[in-house]
Amino acid sequence: MCEEHQAGIGRRAVFLTGAAAALTLGSVSFASAAEGGRSQSRTVRGTLPTGSPDFVYVPVEVPHGVREIKVAYTYDRPQVPAGTAGNALDIGVFDERGTGLGGEGFRGWSGGARTEFFLRADEATPGYVPGPVRAGTWHIALGPYTVAPQGLAYEITVTLTFGEPGRTPRPVYPPERAKGRGRAWYRGDCHLHSWHSDGRRTPAEIAALARAAGLDFVNSSDHNTSSAHAHWAEAAGDDLLVLLGEEVTTRNGHVVALGTDPGTFVDWRYRARDNRFGRFARQIRRAGGLVVPAHPHATCIGCNWKFGFGEADAVEVWNGPWTPDDEVALADWDGMLVASVREGRDWIPAMGSSDAHRDPDVVGLPQTVVLADDLSRRAIQDGIRAGRAYVAESADVSVAFSASGPRGEHAGIGERLRVPHDSPVTVRTEVTGAPGCTVHLVTDQGVLHTSAPLPAGGDGVVEWRTTPAYAAYVRAEVRHPAAAGPLPGSLAAFTNPVFLDRR
């Protein structure tokens with residue numbers, strides 16, 4: 001299926017691993033320090049055809065006494081016809097503990113964001129985990145994301161430097177609690193990328209932008225690596241809670257691990273057909289995190305969510321600036337609400353995040369606003385899991401949404417109002433910071449009420465009356481004026497529902 005060449009040695013053997021979606025090539029060997037000097041390099045060349053496995057491993061035999069391993073790679077990018085995928089090759093590394101699923105040997109991943117990386121005991125390229133370079137068989141992991149019809153020719157240069165290993169610093173992680181306001185609404189952005197994956201911002205730069213956007217919390221969610229976790233402590237503070245996580249980026253969709261224990265790594269090397277996602281969703285929960293499928297209807301290759309929502313704690317309905325795939329995700333989520341009512345099962349709350357990578361991506365567009373008992377990891381997660389949240393395009397927009405019964409019964413966002421099936425229910429929506437927007441009240445029948453445009457000041461109150469017999473739930477959408485034709489305007493905010501339970 002592929003060829004591998006090492007300078008002066010020629011073609012090497014190719015071996016299949018235990019999984020059909022991975023391939024292991026012949027190994028690359030180095031002399032000892034005494035035989036080869038302080039620094040040694042080896043270059044590997046090969047070509048991957050279309051239809052290559054998801055992962056190709058290049059074993060590297062690392063001798064004793066290595067201080068640093070450095071890897072640089074290139075690959076060709078031939079012209080391809082319109083509508084045909086070109087070449088894209090991701091890269092990472094596993095140490096002598098192996099490449100087994102679960103990631104015991106994981107030492108870093110940069111995807112396609114970098115052309116080289118290094119790691120040693122005291123330091124590593126962002127995306128990679130510092131630690132000793134121990135003797136044994138390491139594996140460079142190649143991920144042929146897409147391969148052109150001409151094939152993908154690559155070249156990898158591995159450089160080992162011998163010497164004293166140095167000391168691995170003990171990681172320092174951000175605190176799990178910040179100075180909050182007691183039980184209050186807290187604003188956060190749970191899907192962000194730093195230079196530890198394919199972002200271009202440091203944690204400190206992201207934190208500064210989060211504060212400027214009026215956020216109270218963020219979640220570190222770099223692609224397929226936890227290396228950023230130990231670099232957020234200085235960016236956190238009494239005014240900004242930093243949760244730790246990962247965007248688990250598989251070939252069948254992405255999932256945000258939200259608020260896991262520090263240092264938690266979640267493997268991504270599987271597809272839906274492998275029936276392995278449940279194992280890693282459970283790992284996220286054991287590590288104290290939430291399972292949040294991201295941008296489920298995104299159109300990029302491998303981004304569309306294929307694993308189903310049975311393991312989801314919440315779903316990211318709004319990702320970055322409002323686009324048609326968000327509209328589809330919102331409609332799909334509304335369909336899941338209807339199914340939960342019909343089948344009498346738990347519902348899946350919605351949330352939104354920016355997925356910001358670099359300028360001009362806006363941190364906090366959108367942001368999830370959570371009702372929590374305090375500004376702590378557990379309290380924020382509890383609020384998201386319970387659906388006590390709405391999503392807004394900025395800190396300028398606020399929404400208060402509730403339903404009340406005839407005898408003073410009251411329920412807020414994510415709660416249930418239990419009244420007789422024919423009781424009159426008043427639904428009240430208070431909006432600030434949304435000039436010219438209209439409020440749409442959505443039930444299991446669809447949009448049943450649309451307000452007049454809010455005044456130029458952007459503030460307004462909308463009330464509507466219904467009964468539990470007529471509406472199983474009610475939620476609010478605050479929309480900008482439509483840009484053209486019959487298409488709805490983009491969202492300024494939307495809420496999780498209030499359920500109207502018939503007694």
Side-chain angles (χ1 to χ4, degrees), residues 111 113 174 186-201 203 205-207 209-210 213-226 228-229 232 235 240-250 253-260 264 266 268 281 284 289-300 302-305 307 309 312-323 325-326 329-330 333 348-370 377 380-381 383-385 389-395 491 494:
Y186 295 100
R187 294 176 178 266
D189 191 342
C190 294
H191 187 167
L192 293 158
H193 295 280
S194 76
W195 68 349
H196 284 263
S197 59
D198 59 345
R200 292 292 180 268
R201 293 163 173 157
E205 290 169 336
I206 293 172
L209 292 170
L215 301 183
D216 301 294
F217 65 94
V218 296
N219 180 67
S220 171
S221 57
D222 282 304
H223 294 283
N224 297 344
T225 182
S226 56
H229 290 190
W232 275 99
L240 184 67
L241 173 69
V242 176
L243 307 177
L244 302 176
E246 177 186 336
E247 184 176 10
V248 184
T249 307
T250 80
H254 303 180
V255 61
V256 172
L258 197 167
T260 53
T264 298
V266 184
W268 73 97
I284 292 170
L290 302 183
V291 178
V292 184
H295 45 65
H297 291 279
T299 56
C300 48
C303 296
N304 193 276
W305 185 249
F307 294 96
F309 296 93
D313 295 304
V315 59
E316 185 187 78
V317 167
W318 185 351
N319 176 277
W322 188 258
T323 54
D325 62 277
D326 297 309
L330 182 66
W333 171 67
I348 301 173
M351 56 187 302
S353 295
S354 72
D355 200 359
H357 285 68
R358 61 187 69 83
D359 292 339
D361 296 352
V362 178
V363 172
L365 171 59
Q367 50 195 247
T368 299
V369 191
V370 184
R377 171 188 172 189
I380 293 296
Q381 290 175 319
I384 292 172
R385 189 186 292 108
Y390 67 91
V391 183
E393 65 181 355
S394 74
L491 282 184
F494 78 93

The side chain to side chain contact (heavy atoms under 4.5 Å, CB included) partners of Gln367 (sequence neighbours excluded) come to Arg187, Leu215, Ala395
Point-to-point distance, once rounded to the nearest 0.5 Å, from [atom1] of [X] to [atom2] of [Y]:
{"X": "Arg201", "Y": "Arg358", "atom1": "CZ", "atom2": "CZ", "answer": "9.0 Å"}
{"X": "Glu246", "Y": "Asn219", "atom1": "CD", "atom2": "CG", "answer": "10.5 Å"}
{"X": "Glu205", "Y": "Asp359", "atom1": "CD", "atom2": "CG", "answer": "8.5 Å"}
{"X": "His196", "Y": "Ser221", "atom1": "NE2", "atom2": "OG", "answer": "12.5 Å"}
{"X": "Leu290", "Y": "Ile284", "atom1": "CG", "atom2": "CD1", "answer": "9.5 Å"}

Plane angle bin for [Y] and [X] - parallel if under 30°, tilted between 30 and 60°, otherwise perpendicular:
{"X": "Trp322", "Y": "Trp318", "value": "perpendicular"}
{"X": "His191", "Y": "His193", "value": "perpendicular"}
{"X": "His254", "Y": "His223", "value": "perpendicular"}

State whether the side chain of [X] and the backbone N or O of [Y] hold a donor-acceptor pair below 3.5 Å, judged by distance alone.
{"X": "Asp355", "Y": "Gly320", "result": "no"}
{"X": "Asp326", "Y": "Asn319", "result": "yes"}
{"X": "Asp313", "Y": "Arg385", "result": "no"}
{"X": "Gln381", "Y": "Leu258", "result": "yes"}
{"X": "Thr368", "Y": "Gly352", "result": "yes"}
{"X": "Thr260", "Y": "Leu244", "result": "yes"}
{"X": "Asp198", "Y": "Ala113", "result": "no"}
{"X": "Ser353", "Y": "Cys190", "result": "yes"}

Checking side chain to side chain donor-acceptor pair (under 3.5 Å) for the pair Thr323/Asp325: CA distance, chi angles, key distance, verdict?
-> CA-CA 6 Å; Thr323 54; Asp325 62 277; 2.7 Å; yes
